[in-house]
Amino acid sequence: MRFLVVDDSATMRRIIVNSLDRVGYPDVVEADDGQTALAKFAEGGISFIITDWNMPNMSGLDFARAVRARADGAAVPILMVTTRSAREDILAAVDAGVNNYVLKPFTPPVLKEKIDAVLSVGAAA
Amino acid sequence: MATQVQTHEDVLHATDTALRLVNQALGDLGTADSLAKIAAPMAEKGAHGSGSLLSLASTLLRAYAEVAALLDRIKQSRGIIQEAQDAHLTQMNQKLNAVTSATEHAASGILDGLDRAIAVVAELEQEAAESQDMVRHARYTALREELYGVMTYVQFQDITSQQLGYAAAVIGDTEKRLEQLSGIFQPFAADVTAVSGTVPHSAPKHFDPNAVADKTDSQAFADSLFGR
């Protein structure tokens, strides 16, 4: 399973990639904003997206909407990992088609729990 | 009946226009010396019976002196604003950017060190397993978990850099507003439109001004929405 990790912070990308490796997902593609991520997604082969919200050029929310607008992006799981904790932000993420939401800072077990939750819902559907 | 609300932009623009009018009026009147020359014959004439002319000349001189003092104070204020803008705000912005850059560099160094330490611990763990020393193996496993835990805490860098980004944006915005104010306080500026525009917006935001570490309630809310 190939993950696309999108975050403008190199530190956060590294922590997420490390966490994914630790919980059994070593195949990761990285992008530092929504625009770059969208181009990488268009190349194909992405099974799961983990994205930050606050990024230059294209935010994670706009990126999620752009992915959902694509024929090949309607069903790909999207997990948002962000510092944005306001309820209206979480509701906006739901509206944008995000499948789950993790607030920073997170631990690898929490990340795995959310990934498993999204995948189990997808498998059941 | 509609009420017209005056924004701070309107007030500043009106102040600027008023200063230009005062400046123009003073130019028409001439200098204090020329006023004194005008006033002297008036005073002489007044001494022969025209007290009101003498009084008018005296009032004009006082008004001129007061307006000139006011303009001096405005120039001083402008200098203070420019000093605050140049010396303090710009420096503060640079320092915040330097702190952000330093924390990024430090976080990267910490992650590099943790990667190396985890690799060494993994080797020791394997050696302990091969030598059937399960006590040592368990200790190395615990140490590896601790190192992963430290890696998790390095996320502080992203949270602090977002807060610093917000602070830098606020300072940048204040700097732009002061620049506008400084322009308005320049009574001899030629172009009114140059200082009467809208206050510039901050740079596009890619930070979270509310980034904090403890968000248990919000995570619970998200979990309730997404099912778990």
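Proteins get letters first, then strands, A, B, ... in listed order; numbering begins at 1 in each.
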Quiz item: Salt bridge between A:Arg13 and B:Asp158, side-chain N to carboxylate O under 4.0 Å?
Solution: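 Salt bridge absent between A:Arg13 and B:Asp158.
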
Quiz item: Salt bridge check: are A:Arg14 and B:Asp112 linked by an N-O gap of less than 4.0 Å?
Solution: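 Yes, charged N to carboxylate O under 4.0 Å.
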
Shortest non-hydrogen contact from [X] to [Y]?
| X | Y | value |
| --- | --- | --- |
| A:Pro108 | B:Thr152 | CD-OG1, 3.5 Å |
| B:Gln157 | A:Thr11 | OE1-OG1, 3.2 Å |
| B:Ile159 | A:Pro105 | CD1-CD, 3.6 Å |
| A:Val94 | B:Phe226 | CG2-CZ, 3.6 Å |
| B:Ser218 | A:Ser85 | OG-O, 2.8 Å |
| B:Gln219 | A:Tyr101 | NE2-O, 3.0 Å |

Practice problem: Look at atom CD of B:Gln126 and say whether more than 12 heavy atoms of other residues, nucleotides or ligands are closer to it than 6.0 Å. | Solution: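 Open.
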
Quiz item: More than 12 heavy atoms of other residues, nucleotides or ligands under 6.0 Å from CZ of B:Arg139: is that the case?
Solution: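 No, because the 6.0 Å sphere around CZ of B:Arg139 holds 12 heavy atoms or fewer from other groups.
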
Quiz prompt | Atom group of A:Asp8 that falls short of 4.5 Å from chain B, counting heavy atoms | solution =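 The side chain, not the backbone.
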
Exercise. Measure A:Val110 against the heavy atoms of chain B and call it side chain, backbone, both or neither at under 4.5 Å.
Key: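 Answer is neither: A:Val110 stays 4.5 Å or more from chain B.
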
Quiz item: What's the verdict on side chain to side chain contact (heavy atoms under 4.5 Å, CB included) for A:Arg87 and B:Asp217, showing C-alpha distance, side-chain angles and the deciding distance?
Solution: CA-CA 10 Å; A:Arg87 290 185 172 215; B:Asp217 290 348; 5.7 Å; no

Quiz item: Quick one: of A:Ile90, A:Leu91, A:Val98, A:Asp33, who has the most non-hydrogen atom pairs under 4.5 Å with chain B?
Solution: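 So the answer, after comparing A:Ile90, A:Leu91, A:Val98, A:Asp33, is A:Ile90.
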
Atom pair [atom1] ([X]) and [atom2] ([Y]), whose distance is rounded to the nearest 0.5 Å:
| X | Y | atom1 | atom2 | value |
| --- | --- | --- | --- | --- |
| B:Tyr148 | A:Asn18 | OH | CG | 6.5 Å |
| A:Arg84 | B:Gln162 | CZ | CD | 9.0 Å |
| B:Phe221 | A:Leu103 | CZ | CG | 11.5 Å |

Practice problem: Output the option from B:Glu104, B:Gln155, B:Met151 having the highest count of non-hydrogen pairs under 4.5 Å with chain A. | Solution: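 When all of B:Glu104, B:Gln155, B:Met151 are compared, B:Gln155 has the most.
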
